[in-house]
Amino acid sequence: MNLENNLINAKTIIDHGISKSEYNRILKILKREPNLLELGIFSVMWSEHCSYKSTKKWLKTLPTNGEHVICGPGENAGIIDIGGNDAIVFKMESHNHPSFIEPYQGAATGVGGIMRDVFTMGARPIANLNSLRFGEPSNIKTKNLLQGVVKGIGDYGNCVGIPTVGGECSFHKSYNNNILVNAMCVGLVKKNKIFYSKAKGIGNPIIYVGSKTGRDGIHGATMASAEFDDTSIDQRPQVQVGDPFMEKLLLESCQELMKEDAIIAIQDMGAAGLTSSSFEMASKGNCGVKLFLNEVPCRESKMTPYEMMLSETQERMLMVIKPDKKKITFDIFKKWGLEAIEIGHLTDTGKMQMYFNNRLVGELPIKPLADSAPEYDRPRKKKAFKTIKVKKRNLQIENVFLEMISSPNHSSKEWLFRQYDNMVMCDTIFSSEESDAAIVRIHKTKKAVAITCDCNPIFCYTDPKLGAKLAVAESWRNLIASGAKPLAVTDNLNFGNPEKKDVMYQIKKAIEGIKVACTKLSFPVVSGNVSLYNETKGKSILPTPVIGGVGLIEDLKFVTGINMKMDDSIFIIGYTKGHLGLSVYNQICGYKYGKPPSIDFDNEIKNGNFVYNAIREVGISGCHDVSEGGIIMSLAELCIKNKLGIQISIPDEIKKENWLFGEDSSRYIIITNNEKKLLKYAKKMNVFVKNIGKVKGSSFKIINEFEISLKDLITYNKQWFKNYIDIEK
Amino acid sequence: MIYRVYVEFKPGILDPESEAIKRTVNQLGFSNVENISKGKFFDIELSSNNCLSDIEKISKELLSNPVIENFKVVKK
Amino acid sequence: MIYRVYVEFKPGILDPESEAIKRTVNQLGFSNVENISKGKFFDIELSSNNCLSDIEKISKELLSNPVIENFKVVKK
Amino acid sequence: MNKEVSIIHFPGSNCDRDLAVAIKYCLKLKPKFLWHNESHIKDPGIIFIPGGFSFGDYLRAGILATKSPAIKEVIRHAKKGVPIIGICNGFQILTECKLLEGALIKNSSQLFSCKKVFLRIENKKNYFTKNIKKGVVQYPIAHSQGKFYVDDYNLKKLQDNDQIMFKYSSKTGDISDKYNPNGSVQNIAGIVNKKKNVLGLMPHPERAIDSFSGRDGIVFFNGLNELI
Ligand SMILES: Nc1ncnc2c1ncn2[C@@H]1O[C@H](COP(=O)(O)OP(=O)(O)O)[C@@H](O)[C@H]1O
Ligand SMILES: [Mg+2]
């Protein structure tokens, strides 16, 4: 073989993030030294981001099957059956590092990337969600990052015309230099029109369509797999700019082409661009590939094969099509103003052969490269916690409450979600401010899907396994509360550096927690993403395994919001022990340590089934789960949303603080005027319910404690963002 | 005294807007247009003299995004 | 040959973005900044000479909106 | 006359389907989709220009779309008196191609804004609105360049000529800054041309046709029945 041999030395290898043992593995596979192009390809294919080398061993243990699962992890996104010929495609993905370097473009391209993962499978995206974590508001970078990220998410989804229907956003100092931007996309596909990435058919053309390739993001995949240091800000060329208009054209043209019987395999060029998309398609189909790199459309002059193979320019797709469908393929793209280009074809060599200027410039065996990607069982060690008791601030209930509802994490996120078009496509029934899960109608049917994303990183920090279980349970509960039957989840595992023992411990334990909870709740994991090395100067983020849950509402009449009507009765479902460890209450009062609330899955399922059936059989006005901030926070959210007052009495048998602020699992608030029916049904199902008050008047009133007018309550809840962003008065 | 700050994309950064404008211009019959690039400018009026370093600072921290943009200051 | 087209708001049209930038600049401690106004520019590269009238036409019909904006063409 | 409603579809339009759904639901007919490079449009019936981000909103929202062949046809039909309705991006396109007065610029807040707003109907003599019984309707808005600007001279002409159709208002029809979501001159949300056959509005009536999103859009579309 006559490969151009760019000199590779020890430094080049280190610069590519390849360890000594990995390099030896490369030598074994190739039986020769790689050239620079080949080394670059190994480095991205074996990066943490693409190979999951630190987590694969543990991810394999997740439950991924279930009666509704059509496609589990391994493809661009997971797919679940929702009855008839309809299926739901969904996944969550992180864009943490890019968003920290350039918040607007980083977040925008994150949204773009996850939507492509979904529409690549034949689906039309119907909803976007996001889970955001920022540093302390007082950190000088936070405001800028917040504004940039939110605008980036909004502008991208709004332009493509996919509603952004929900998500979460919170602040904690551990994210000061490592924000998290996790984007989730849900799409709708016909079961008989699903597209996969497995290439087949020797000689079949490989088609490139979308933006021209530039030098952006070269080595982005390795960046996403490396710790930050002071020089990160200077990693300029790695920033990718998003083009939502191109995304919209790709979406529409691919949808049109998918109606023809033309596509054999399709992949978006995401992380590691042309490299990972071509390798993945070929390795799934056991094929070889010939690529003619002179054909790759380039934005800049003099781009090298190395740059073309590693570029992460956004909004590009790769597909294998039937040879006799070339014309219709090119015509459809042309109609949409896009140029499709044949850049290679499939072979039977099992090798990736890259040609440039009529010369073979790189040749790699595809299967061995993918199959022998490193897999590590990294050492782990539990972190020891200091149990320093911080002096408790002595606060009145009312003061804690007001501090809570006007705190950055619990104040109204209206400033944020106003910037998202949550109605385009006209199937949004509730966005996630109106219901525990966002609810999107399946177009032209009476079915709807409920979608939510959740995680409480504070719980996960102290007890990653329990914290992850609680995140899964909360997602499940949110779906139940919105009237849905929970079906499956996607997960986004955000952690620090896995080469550190305590971080690896967190990762393993969190995955274990997800495994247990998803198994118990019959809530399989169908897709996901891992983001590691979220760490700056040795400080890592709180472990943040975000869970994105999806459920089905078989008939719109069971759709349930955070609603109430005047004179309704208010019930708590589930027993309140009043667990305050790690609660918002304790944090406000200065107690920073403790344990997360425990969870008993039998009880969770019992209460959940009760609520699910009560929604169908009792007739209720609204439902809301009890989570961060406890009963009092859930009640406040009900009042603020409905602009109605309530009167609540605290039961005698428990301490006031514990009852109001406790964060025990498995509880809901149900609002109904069918009191008798609800009680009777609870008795039959042996579920603990308690009537705690009524919807009444125009103030928020806890009897014998305090009363605050609705108007003030709303002002408290809205002021933080207003003041922080300095919205023009 | 007025300074003008020019801000534009660094070379090599994707600028889909300029691409779209160029396409339209060509379609309108101006086939002699080879390339279009765009940028922003800010005119900053100061009450005191000799503040070039202030302007540089404002340009760097506020008016431009050093990750993807370059800026240039000229006295008007 | 390259022409540069400057586009800015007509005088009298309130530009909240410039206002907001000025507020932030002042808050950052640059109290000597009296006024900020902003605009866009387009660098148009032509393959043939003497096309000032083309550029004027493109500027008028595409790059600026006469209801709100003025433009100015200079040769670079 | 044949019963027709046409929707002009641009690359980047994204409310075209929503509009078609509303038309089918309210007017019981299937609209005809016309692609932006259609250079001869015959008997279009009512022409709708939908919302979205035609050509990515690049340069200025709406401007690049005005250079398409279909818009030349829209202008030709407008002169003949064909009813034309531009919603959101459609309104932006109609001002950019000068079928309507004024300009739509960035919201005062500089941010995209998506919410339901109330609109007072200013003029009920016009065939677009005369069948709407209510004085105030509620439609969603979703835009970042929706601030209507016109200079004083032309504003007066709009007023004198009864060209102002919708204003952002309170639920009871009060007009003040408090109810102005984007900084539009005099809370203007929608206008017609001098001949009164071209309507542009920023809010989305097509997003208010079911019990979840509000039903005020239905009267808007039903009111068009006699035009087709
Ligand atoms: N934490 C996880 N849980 C479950 N599945 C995962 C997880 N992380 C990754 N996966 C699956 O592994 C596959 C590869 O993911 P990824 O490399 O992120 O895809 P892409 O190349 O589209 O970015 C996908 O099928 C994804 O769903
Ligand atoms: Mg993918």
Side-chain angles (χ1 to χ4, degrees), chain A residues 124 147 150-165 242-253 315 334-338 414-431 433-435 439-441 443-444 448 556-557 559 561 725 727-728, chain D residues 9-22 24-25 35-37 50-59 61 64-65 68 88-89 107-117 139-145 177 181-183 203-214 217:
Chain A
R124 178 171 280 278
Q147 287 176 308
V150 170
K151 192 163 192 312
I153 290 173
D155 282 1
Y156 203 102
N158 298 348
C159 182
V160 181
I162 310 304
T164 302
V165 296
D243 180 359
F245 177 53
M246 177 60 84
E247 179 101 343
K248 171 74 173 167
L249 299 179
L250 282 177
L251 165 64
E252 298 303 335
S253 53
E315 290 94 16
K334 193 164 171 214
K335 175 189 158 193
W336 289 94
L338 302 173
E414 186 176 334
W415 172 83
L416 218 121
F417 64 75
R418 280 266 172 279
Q419 296 183 53
Y420 304 146
D421 187 340
N422 59 26
M423 307 180 215
V424 62
M425 297 181 86
C426 291
D427 285 314
T428 307
I429 305 298
F430 288 135
S431 61
E433 298 73 44
E434 300 169 302
S435 167
I439 300 175
V440 179
R441 172 174 45 206
H443 196 61
K444 285 187 179 161
L556 286 171
K557 64 183 187 242
V559 155
I725 304 292
I727 299 167
E728 238 175 304
Chain D
H9 188 199
F10 298 93
S13 296
N14 64 32
C15 302
D16 44 306
R17 186 192 80 177
D18 303 351
L19 193 53
V21 168
K24 269 183 236 166
Y25 178 75
W35 191 227
H36 67 114
N37 55 10
F53 291 69
S54 57
F55 297 93
D57 261 8
Y58 290 138
L59 190 53
L64 297 184
S68 61
C88 198
N89 191 231
N107 297 350
S108 293
S109 66
Q110 304 294 304
L111 299 175
F112 189 94
S113 180
C114 175
K115 61 178 176 185
K116 289 181 186 171
V117 297
Y139 302 151
I141 54 165
H143 58 245
S144 62
Q145 296 179 48
D177 280 353
N182 52 24
H204 290 272
E206 81 278 16
R207 293 191 183 187
I209 58 156
D210 70 31
S211 50
F212 294 103
S213 54

Under a 4.0 Å N-O cut-off, is there an ion pair linking Asp421(A) with Lys115(D)?
no
Looking at residues at least two apart in the chain, or sitting in another chain, which of them share a ring-ring contact (aromatic ring centres under 6.0 Å, His included) with His9(D)?
Phe33(D), Trp35(D)
Scored by heavy-atom pairs under 4.5 Å with chain A, the best of Leu111(D), Asn37(D), Asn89(D) is Leu111(D)
With chain D as the partner, which of Asp155(A), Val559(A), Asn158(A), Leu249(A) has the greatest number of non-hydrogen pairs under 4.5 Å?
Asn158(A)
What residues form a side chain to side chain donor-acceptor pair (under 3.5 Å) with Ser213(D), not counting sequence neighbours?
Asp210(D)
For Asn14(D) and Val160(A), run side chain to side chain contact (heavy atoms under 4.5 Å, CB included): C-alpha distance rounded to whole Å, both residues' side-chain angles, the deciding distance at 0.1 Å, then the answer.
CA-CA 7 Å; Asn14(D) 64 32; Val160(A) 181; over 6 Å; no
Which value, rounded to the nearest 0.5 Å, describes the distance between [X] atom [atom1] and [Y] atom [atom2]?
X: Asp18(D); Y: Asp427(A); atom1: CG; atom2: CG; answer: 8.0 Å
X: Glu252(A); Y: Asp16(D); atom1: CD; atom2: CG; answer: 7.5 Å
X: Gln110(D); Y: Gln419(A); atom1: CD; atom2: CD; answer: 11.5 Å
X: Ser54(D); Y: Lys248(A); atom1: OG; atom2: NZ; answer: 11.5 Å

Proximity breakdown for [X] and chain D, heavy-atom pairs closer than 4.5 Å:
X: Lys335(A); value: both
X: Asp243(A); value: both
X: Tyr420(A); value: backbone

Does atom NZ (Lys334(A)) have a neighbourhood of more than 12 heavy atoms from anything else shown, all under 6.0 Å?
no
Verdict with reasoning, Phe55(D) to Phe245(A), per side chain to side chain contact (heavy atoms under 4.5 Å, CB included)
CA-CA 7 Å; Phe55(D) 297 93; Phe245(A) 177 53; 4.0 Å; yes
Give the C-alpha distance, both sets of side-chain angles, the deciding distance and a yes or no for side chain to side chain contact (heavy atoms under 4.5 Å, CB included) between His204(D) and Met423(A).
CA-CA 10 Å; His204(D) 290 272; Met423(A) 307 180 215; over 6 Å; no
Could you tell me which portion of Arg207(D) (side chain, backbone, both or neither) has an atom closer than 4.5 angstrom to a non-hydrogen atom of chain A?
both
Does any backbone or side-chain atom of Ser13(D) lie under 4.5 Å from a heavy atom of chain A? Answer side chain, backbone, both or neither.
backbone
Testing the basics here: between Arg441(A) and Phe212(D), what is the closest heavy-atom pair and its distance to 0.1 Å?
NH1-CD1, 4.4 Å
Nearest non-hydrogen partners of Gly56(D) and Cys159(A), listed with the distance:
CA-SG, 4.2 Å
Side chain to side chain contact (heavy atoms under 4.5 Å, CB included) between Asn422(A) and Cys114(D): does it pass, once the steps are laid out?
CA-CA 7 Å; Asn422(A) 59 26; Cys114(D) 175; 3.7 Å; yes
